There are 2 protein chains.
Amino acid sequence: MRISEAASASGLGIDTIRYYEKAGLLPPVERGRDGKRRFSAVDVDWLVLLSSLRDTGMRMETMRYFARLYQRGDETIPERKRILLGHSEQLDKQRGVLDRCAEILAHKLKRYDEIAAS
Amino acid sequence: MRISEAASASGLGIDTIRYYEKAGLLPPVERGRDGKRRFSAVDVDWLVLLSSLRDTGMRMETMRYFARLYQRGDETIPERKRILLGHSEQLDKQRGVLDRCAEILAHKLKRYDEIAAS
DNA sequence: CCTTGACCTGGAGTTGCTCCAGGACGGTAG
DNA sequence: CTACCGTCCTGGAGCAACTCCAGGTCAAGG
C-alpha cells in the first residue's frame with residue numbers, strides 16, 4: 001500500500017505520516033526499490049490506532065513511548081496496558097468537558113431566545 | 001478580581017488570558033490606577049465560556065469573530081446563535097471520535113488479556 | 001528601608017503539524 | 001524515443017496556540 005492509500009485508510013495526512021515516521025512514532029516503513037514507502041496491513045492498523053489516539057489528545061511523546069514499547073515485544077504488554085487504560089480515563093474526562101460545554105451552550109442559546117422573544 | 005483569580009475561576013492560564021486580550025478575544029480589560037487588570041463578573045463569565053469553547057476545539061479565529069459580534073450588541077444574536085449551534089454539532093462529532101477510540105482501546109485491551117492468558 | 005509577591009511588557013521557545021520548492025521515477029501518448 | 005503526467009521523495013520554512021522568561025514596577029509587611 002502506498003502512502004496516499006495509507007493516509008486515506010488511517011485518516012492521517014500524508015505529511016503527518018512522514019512526520020510520525022521521522023519522529024519515531026512508527027517503525028521505519030519498508031521501501032520499494034524505487035525508494036517509495038510500502039505500508040503493510042500491520043503498519044496501517046498502527047496508523048489507525050495512532051490517528052485515534054491523536055484525535056483524542058494523546059501527546060506525541062506518549063505515543064512515541066508506546067511505539068518503543070510495542071517494538072520491544074510482548075514483555076511490555078503490562079506497561080502498554082497501563083498506558084491505554086490511562087488514556088481511557090482521559091476519554092471519560094473529555095466526555096465530561098464536552099457535556100459541560102454543551103450545558104453552557106444550551107444555556108446561552110436559551111438566553112438568546114429569551115432576548116429575541118422580549 | 002485580579003488576573004490570578006480570573007485564571008483559577010475560568011480554568012485558563014494567566015498567560016493565556018493576557019494573550020487572549022491582546023488577540024482581541026476579550027474586550028480590553030479595565031485597569032486599576034496601578035495599571036493592573038481588574039476583571040468584572042461579566043469578564044469572568046466570558047472567560048469561562050472561552051475556556052469551554054477552547055477545550056472543545058474551537059479555533060481562535062472563530063472565537064475572535066464571536067467576540068466581535070458580542071461587542072456589537074444584540075443585533076448580532078442570530079449570527080452568534082448560528083456559531084454556537086455549529087459548535088454543538090462539533091461536540092456531537094467529538095463524542096463520536098471518543099466512542100470510536102474507546103472501542104479501539106477496548107479491543108486492544110481484550111487482545112492483551114488474551115495474549116497474557118495463552 | 002528593604003524585601004517579597006503579584007503584576008506588567010515584549011519577545012523567544014515549544015508542540016504538532018502543514019505546506020512548499022526542487023528533484024526523481026514510472027507509465028502512457030504521440 | 002521523448003514528452004508529459006502523477007505520485008512520490010527530502011529538507012526546510014511557516015503557522016496556530018500557547019507557554020515561558022528576562023527585566024522592570026509597585027504596594028504592603030517586617
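Just so you know, these numbers come straight off a predicted model, no measurement behind them. Just so we're on the same page: letters track the sequence lines, and every chain starts at 1.
- A:Asp55 and A:Ser52 form no side-chain donor-acceptor contact under 3.5 Å, judged by distance and modelled atom types alone.
- Within 4.0 Å of B:Arg18, counting heavy atoms only, lies at least one base atom of the nucleic acid.
- Rounded to a whole Å, the CG atom of B:Asp55 is 9 Å from the P atom of D:dC18.
- Rounded to a whole Å, the CG atom of A:Leu12 is 12 Å from the C1' atom of C:dG16.
- Looking at A:Arg80 and A:Thr76, their side chains do bring a donor and an acceptor atom within 3.5 Å of each other.
- No side-chain donor-acceptor contact under 3.5 Å links A:Gln90 to the backbone of A:Gly57.
- Of all nucleotides listed (C:dC8, D:dA17, D:dC8), D:dA17 comes nearest to the side chain of B:Met60.
- Here the two rings, on A:Trp46 and A:Tyr20, have centers that are 6.0 Å apart or farther.
- For A:Ser4, a side-chain nitrogen or oxygen approaches OP1 or OP2 of D:dC8 to under 4.0 Å.
- For C:dG16, the OP1/OP2 oxygens have no side-chain nitrogen or oxygen of A:Tyr20 closer than 4.0 Å.
- When all heavy atoms are compared, the tightest approach of A:Phe39 to A:Ile3 is CE1-CA, 3.6 Å.
- The distance from atom CZ of A:Arg38 to atom C1' of C:dG26 is 11 Å, rounded to the nearest whole Å.
- Note: CD (B:Glu61) to P (D:dC15) measures 13 Å, nearest angstrom.
- Among the protein residues, B:Asp15 comes within range of the nucleic acid bases, having at least one heavy atom under 4.0 Å from a base atom.
- Between D:dA17 and B:Arg59, a contact under 4.0 Å exists linking OP1 or OP2 to a side-chain N or O.
- Contact between the side-chain N/O atoms of B:Arg37 and the OP1/OP2 oxygens of C:dC8 is found at a separation under 4.0 Å.
- Computed from coordinates, the A:Leu53 CG to C:dG16 C1' distance equals 15 Å when rounded to whole Å.
- The CD atom of B:Glu21 sits 14 Å away from the P atom of C:dC7 (whole-angstrom rounding).
- What separates CZ of B:Arg2 from P of D:dT25 is a distance of 21 Å, to the nearest Å.
- As rounded to whole Å, 11 Å separates atom P of C:dC17 from atom CZ of A:Arg64.
- The residue B:Arg31 sits close only to the backbone: its heavy atoms come under 4.0 Å of sugar-phosphate atoms, none of a base.
- The side chain of B:Tyr19 approaches D:dC18 more closely than any other nucleotide in the set C:dG16, D:dC18, C:dC7.
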